[in-house]
Amino acid sequence: MLDKFNTNAFISFGLGFILMWLSEATEAHMNYTAKPRVVLPPNYVKEIRPPSKKGSPVIVDFSIFVVDINSINVEDMDFRVDMFIHQRWLESRLEIPDDIFEEGDDYVTLLPEVFENFWQPDPYFLNSKIAEIATLTHKFTSVTLYKNKTVRYAARMHAIIACQMEFQLYPMDIQVCPIYIESFSSNNQKVKLRWSDSGVTLNPELKLLQYNLGQPLELEESDGYMPEKVGNFSRLTVYFRFERQIGHHLIQTFAPSSLVVMLSWFSFWLGLDAIPGRVTLLVTCMLTLVTMFTGADIPPVAYVKALDLWMAGCMLSVFAALAEFVVVKVLDVQYQYQVNRIPKVLPMRISNMEKGQCATVASWEGGAVRSRKATQTPTTPGQTSLQGNGGPPKPARRQSLLSVAWTDTDTGVEKIMWREIDKVSRAVFPILFFVFVLLYWPILLMKSS
């Protein structure tokens, strides 16, 4: 019985020892896989940059792959860009064993925890409002170490970039938006940023709704003085050229407004007997233009834009047509007033006066007929003078009827002023609007190019 107990105890002790050994081996294996066998020298300090020849700065090659550009906000004057960034530099202090590379490979991918022990450059987006590394369950970053001791860092980022936009030529404006990349703490004597051979690459499937992205992108390398940090710092710049597509505004703004202006010209063919229809047509055209331009997606800026000039031209044309109607209506009222005030017996009285059969004379004065006593006063031989009430002779006023109607000397047809103005307006208004169009578009295209 005792022997059986000793045997079971021995077996239990052996199983426990085996389990403990397996646990320690597993933990050792886990520790081994968590930290690649990259040997850092004992005197390695990650806050000190890698050594370089003759005190020259550490060269950091930078490249960007643009995945998407969206949310081009004209009110906040910024845009969002999703991208992959890549940095590459030489870390000569590393001691890399050959057995960490798989057969046929000259690089190994390190864990982010290991990369935290390395020296790292510190570039940042100078004109960004927000710049973050994309995350899901962890940050989307990777570190690759090559046999020649080159370190390559890659990350998926999204950033909201501020852009000082100009809208004088809206909606044919071209926005040039730069992205400035600069080292934050290391000046240009310690770290120099430069574009790699790939530079900035765009996703071939990238499409923007209202813009065309100008190609190729302009890249610059420069040194910028930062008074806040008191020094010159290496800077990279990429310029994005956003050219607004005019098709949307042609369909939604320019074409409808032109048709509304042309519609207002139909009022010149409506006589004054159709006053309600003529007024309704012109007022409706004016309100349509106001509603159209008020509801348009126009950037709220203080200065005058190209679309404002087009809006002013269209509204001025319709307003002029409405003012023309007021003028012809006033002239028609004067014409009707003068015609109705002329007495039909006036010619007969004047004829009797010339024959000496009437002691009074009917004189037309300002559209009114007044009866006066005539006094024949001798003057020079063959001349007589008619005086009213024994007073001095008064010059006859010019008939106001001549200002609203006249008789054509060639045809003998009566011409009425308001009708002639309508006839002239049928040609003058279209000609003036077409001249405006011919001046507007060439100047706009010339400035936008």
Problem set entry | Evaluation steps, side chain to side chain donor-acceptor pair (under 3.5 Å), between Asp173 and Gln175 | CA-CA 6 Å; Asp173 54 315; Gln175 306 299 338; 2.6 Å; yes
Problem set entry | Glu220 side chain to Tyr180 side chain, donor-acceptor N/O pair below 3.5 angstrom | no
Seminar exercise, completed: Quick note, salt bridge (charged side-chain N to carboxylate O under 4.0 Å, His left out) partners involving residues 123-147, not counting sequence neighbours, are Asp78-Lys129
Exercise. What about the rings of Tyr170 and His249, do their centers lie closer together than 6.0 Å?
Worked result: yes
For this session: Could you verify whether a donor N or O on one side chain and an acceptor N or O on the other, from Asn188 and Ser234, lie under 3.5 Å apart?
Result: no
Exercise. How are the rings of Phe62 and Trp195 set to each other: parallel, tilted or perpendicular (split at 30° and 60°)?
Worked result: perpendicular
For this session: Measure from NZ or CZ of Arg278 to the centre of the six-membered ring of Phe325 and say whether it is under 6.0 Å with the direction within 45° of the ring axis.
Result: no
Problem set entry | Distance-only donor-acceptor check, side chains Asn148 and Thr150, under 3.5 Å | yes
Exercise. Can you name the closest pair of heavy atoms from Val151 and Val143 and give their distance?
Worked result: CG1-CG1, 4.0 Å
Exercise. With under 30° as parallel and over 60° as perpendicular, where do the rings of His138 and Phe140 fit, or are they tilted in between?
Worked result: perpendicular
Exercise. Just wondering, are more than 12 heavy atoms of other shown residues or ligands nearer than 6.0 Å to CZ in Phe184?
Worked result: no
Problem set entry | Qualifying salt bridge (charged side-chain N to carboxylate O under 4.0 Å, His left out) pairs, either residue in residues 180-198, two or more places apart | Asp61-Arg194, Glu182-Lys229, Glu182-Arg235
For this session: Sorted by first residue and then second, give each side chain to side chain donor-acceptor pair (under 3.5 Å) pair with at least one member in residues 252-274; sequence neighbours left out.
Result: Ser257-Trp310
